[in-house]
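Here is the structure we will look at, set down as structure tokens.
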Number of protein chains: 2
Amino acid sequence: MIKARVTVTLKNGVLDPQGKAIEGALGALGFDGVGQVRQGKVFDLELAGDDKAKAETELKAMCEKLLANTVIENYTISIA
Amino acid sequence: MIKARVTVTLKNGVLDPQGKAIEGALGALGFDGVGQVRQGKVFDLELAGDDKAKAETELKAMCEKLLANTVIENYTISIA
């Protein structure tokens, strides 16, 4: 079994109101010096088999088709 | 300026309906051999200053107070 982590983040220039809200909330809680905050998603997946190259190809396809919106999001895949 | 990434994931044993839905959707798209899927959150933060130790202490406090619900979630901090 292969364990993989897919991280999906917003592309630069894409507005992130959720991140902005967190920025404001951290400031309100008294944390100074917090600059930009951006929120993304992380997926931990278990895949059958032991072929890491095949798993990576499959994970890329999953990202393109479902996990990420590639118009506004980037993704990175890391296989444990 | 320090760039940090905070990753928040559900603890083991906590139900993750969103992950289950993704599991089902991946199966429906024809991806076989997908086992458990669990979804988490990632925060990319910029902090003023250059003191990494201080930044880590501050990030821990942010996680405890706002970014993570430590009853059901774990967090990891990585400073670039």
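Residue numbers begin at 1 in each chain, while the letters A, B, ... track the order of the sequences.
Rounded to the nearest 0.5 angstrom, A/Q36 CD and B/E46 CD are separated by 5.0 Å.
Of the two parts of B/L67, only the side chain, counted from C-beta on, holds a non-hydrogen atom closer than 4.5 Å to a non-hydrogen atom of chain A. Interface remark: A/A61 contributes backbone and side-chain atoms alike to the contact with chain B (heavy atom separation under 4.5 Å). B/A55 does not touch chain A: none of its heavy atoms, backbone or side chain, sits under 4.5 Å away.
Per-residue counts of heavy-atom pairs under 4.5 Å with chain A were compared for B/E23, B/K3, B/E58; the largest is that of B/E58. The greatest number of non-hydrogen atom pairs below 4.5 Å with chain B, out of A/T7, A/V6, A/V8, is found for A/T7.
Between A/L45 and B/L26 the shortest side-chain heavy-atom distance falls below 4.5 Å. Under the 4.5 Å side-chain criterion, counting only non-hydrogen atoms from C-beta, B/T9 is in contact with A/R5.
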Problem - B/V37 and A/M62: CA distance, side-chain angles, deciding distance, side chain to side chain contact (heavy atoms under 4.5 Å, CB included) verdict - result: CA-CA 12 Å; B/V37 180; A/M62 289 178 198; over 6 Å; no

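No more than 12 heavy atoms of other residues, nucleotides or ligands sit less than 6.0 Å from atom CD of A/Q18. B/K54 NZ: 12 or fewer foreign heavy atoms inside a 6.0 Å radius. A 6.0 Å sphere centred on NZ of B/K20 holds no more than 12 heavy atoms belonging to other residues, nucleotides or ligands.
With hydrophobic clusters built from ILVMFWY side chains whose heavy atoms lie under 4.5 angstrom apart, A/L29 shares a cluster with B/F43. Hydrophobic clustering, with ILVMFWY side chains joined whenever heavy atoms are under 4.5 angstrom apart, keeps A/V42 apart from A/I72. Residues A/L10 and A/L66 do not share a hydrophobic cluster, defined by chaining ILVMFWY side chains whose heavy atoms lie under 4.5 Å apart.
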